[in-house]
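Only one structure is covered here, and it is reproduced in the block below.
So that the names make sense, note that chain A is the first sequence line, chain B the second, and so on, each numbered from 1.
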2 protein chains.
Amino acid sequence: MDDKISFKEIKACPIQFVLAVNDTLNVINGKWKLPIIGSLLFKKRRFTEIQRNIPKITPRMLSKELKDLEMNGMVKRTVYDTIPISVEYELTDSAKSLSDVLDKMLEWGLQHREAVLSGS
Amino acid sequence: MDDKISFKEIKACPIQFVLAVNDTLNVINGKWKLPIIGSLLFKKRRFTEIQRNIPKITPRMLSKELKDLEMNGMVKRTVYDTIPISVEYELTDSAKSLSDVLDKMLEWGLQHREAVLSGS
DNA sequence: ATTGTTACTATACTAAAGGATATCGATATA
DNA sequence: TATATCGATATCCTTTAGTATAGTAACAAT
């Protein structure tokens, strides 16, 4: 019952390709996902700590986006029974491995900017 | 006057990092950019050809997104004085080189899906 | 008793993205 | 003369994303 489609097969079909890339994009889309991931890249943090880290985010958005990231297996949420209560957020291993992809995006972005500027 | 910031320096600063990655994301964001790029990845195409390639896109969106991609140095637009008029769209070299990044995203997306499914 | 902290939630709103539908100008074909 | 093609644009409308502001429960310190 191995109905998995391989990397090569997906690459060869533009529609499958676009769908699969979109899977990745959907995980990081929206205005705040990347800043949140950035904030958690080097260490786990608590809610208010992330908030301080991203000055303009509202608690509503932070809460919503963290839930989203958690649902998508990007973030692990741990509640500690301290007083007052404390909650820690950390990236999953899979999320951490995204930083390689982000590096590629960064690299391409810099190159592209160069190319566009020099070519105009 | 070399005030360029290097890859390493950007990577080291979470805020710069997020901003630079966002540059790349902004180039491919929205519902239709990726399908359009996908449609142009292997060959240049004309307006109606892309439209047929992406059945659900409206001409309004296709026109808008193509302009956007052109402005961002992703697409080159060439008008031919045929009857009726024909216009060809093709990816720039820089845009073509994005496919390496997209491959990375695809790869990560598949891995991540595996990780999330097996870990739940 | 009042104030503060943590980690949120609720309600209401505005802004941005995208969809539906009609139309255009030039020209060809039936 | 009527209809079709190409490459769009115009107008209006809906849906989604994000903002603003206030409030909550549980407790602790002053």
Side-chain angles (χ1 to χ4, degrees), chain A residues 18-19 21-40 43-72 74-91, chain B residues 18-19 21-40 43-72 74-91:
Chain A
V18 165
L19 287 177
V21 173
N22 250 317
D23 271 5
T24 300
L25 285 174
N26 287 336
V27 161
I28 57 175
N29 86 350
K31 185 173 178 180
W32 300 112
K33 297 262 168 60
L34 218 50
I36 293 169
I37 292 169
S39 165
L40 297 176
K43 55 177 291 218
K44 52 177 84 165
R45 289 183 197 275
R46 294 170 59 185
F47 192 90
T48 33
E49 212 177 339
I50 306 173
Q51 233 187 127
R52 276 192 295 270
N53 225 261
I54 309 171
K56 289 179 186 168
I57 198 168
T58 61
R60 170 166 137 63
M61 287 312 284
L62 181 53
S63 170
K64 186 183 160 299
E65 299 295 65
L66 282 170
K67 261 181 204 159
D68 232 81
L69 288 166
E70 199 191 349
M71 267 197 2
N72 285 319
M74 293 291 285
V75 158
K76 193 183 157 224
R77 179 177 183 269
T78 315
V79 183
Y80 294 97
D81 224 4
T82 56
I83 288 164
I85 191 180
S86 57
V87 181
E88 266 186 357
Y89 295 91
E90 63 187 306
L91 295 184
Chain B
V18 165
L19 287 177
V21 173
N22 250 317
D23 272 5
T24 300
L25 285 174
N26 287 336
V27 161
I28 57 175
N29 85 352
K31 185 172 177 181
W32 301 112
K33 297 263 168 59
L34 218 51
I36 292 169
I37 292 169
S39 166
L40 297 175
K43 56 177 292 216
K44 53 177 83 165
R45 288 182 197 275
R46 296 169 58 185
F47 192 90
T48 32
E49 212 177 338
I50 306 173
Q51 234 189 127
R52 277 192 293 271
N53 225 260
I54 308 171
K56 289 179 187 170
I57 198 168
T58 61
R60 168 168 135 66
M61 287 313 285
L62 181 53
S63 171
K64 186 183 162 296
E65 298 297 66
L66 281 170
K67 262 183 202 157
D68 232 82
L69 288 166
E70 198 191 351
M71 268 198 2
N72 285 318
M74 293 290 287
V75 157
K76 194 184 157 224
R77 179 176 183 270
T78 315
V79 182
Y80 295 97
D81 224 6
T82 55
I83 288 164
I85 193 180
S86 57
V87 180
E88 265 187 358
Y89 294 92
E90 62 186 306
L91 295 185

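Between A/Lys33 and A/Val27, the shortest heavy-atom distance links the atoms CD-O, 3.6 Å. When every heavy atom of B/Gln51 is checked against every heavy atom of B/Ile57, the shortest pair comes out as CG-CG2, 4.2 Å. Between B/Leu62 and B/Phe47, the shortest heavy-atom contact is CD2-O, 3.6 Å. Taking both residues in full, the closest heavy atoms of A/Val18 and B/Gly38 are given as CG2-CA, 4.4 Å, listed atom of the first, atom of the second, then distance.
Rounding to the nearest 0.5 Å places OH of B/Tyr89 at 13.0 Å from NZ of B/Lys76. Between atom CD1 of residue B/Ile36 and atom CG of residue B/Leu66 there is a gap of 5.0 Å, rounded to the nearest 0.5 Å. Rounding to the nearest 0.5 Å gives a distance of 11.5 Å between CD1 of B/Ile28 and CG of B/Asn72.
Within residues 56-70 of chain B, the residues approached by DNA chain C to less than 4.0 Å at the level of any non-hydrogen atom are B/Arg60, B/Met61, in residue-number order.
Between A/Arg77 and the phosphate of C/dC8, there is a side-chain N or O to OP1/OP2 separation shorter than 4.0 Å.
Taking 4.0 Å as the cutoff to heavy atoms of chain B, we find the contact window on DNA chain D bounded by D/dC6 to D/dT11.
Using a 4.0 Å heavy-atom cutoff across all strands shown, A/Thr82 reaches no nucleic acid atom at all. At the heavy-atom level, A/Tyr80 lies nowhere under 4.0 Å from the strands shown.
Put simply, CG on A/Asn29 is 11 Å from P on C/dG18, counting in whole angstrom units. Regarding A/Gln51, its CD atom lies at a distance of 10 Å from the P atom of C/dC8, rounded to whole Å. The distance between atom CZ of A/Arg46 and atom P of C/dC8, rounded to the nearest whole Å, is 10 Å. The separation between A/Ile83 atom CD1 and C/dG4 atom C1' is 15 Å, rounded to whole Å.
Side-chain atoms of B/Arg45 come within 3.5 Å of backbone N or O of B/Ser39 as a donor-acceptor pair. Checking side-chain atoms of A/Asn29 against main-chain N and O of A/Leu25 turns up no donor-acceptor pair under 3.5 Å.
Axis angle between the ends of the helix from C/dA1-D/dT30 to C/dA30-D/dT1, five pairs each and rounded to 10 degrees, works out to 30°.
Inter-residue side-chain proximity for A/Leu91 and A/Val75 is flagged as met; some heavy-atom pair is nearer than 4.5 Å.
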Going through the distances and angles, do B/Lys56 and B/Trp32 end up as a side chain to side chain contact (heavy atoms under 4.5 Å, CB included)?
CA-CA 10 Å; B/Lys56 289 179 187 170; B/Trp32 301 112; 4.2 Å; yes

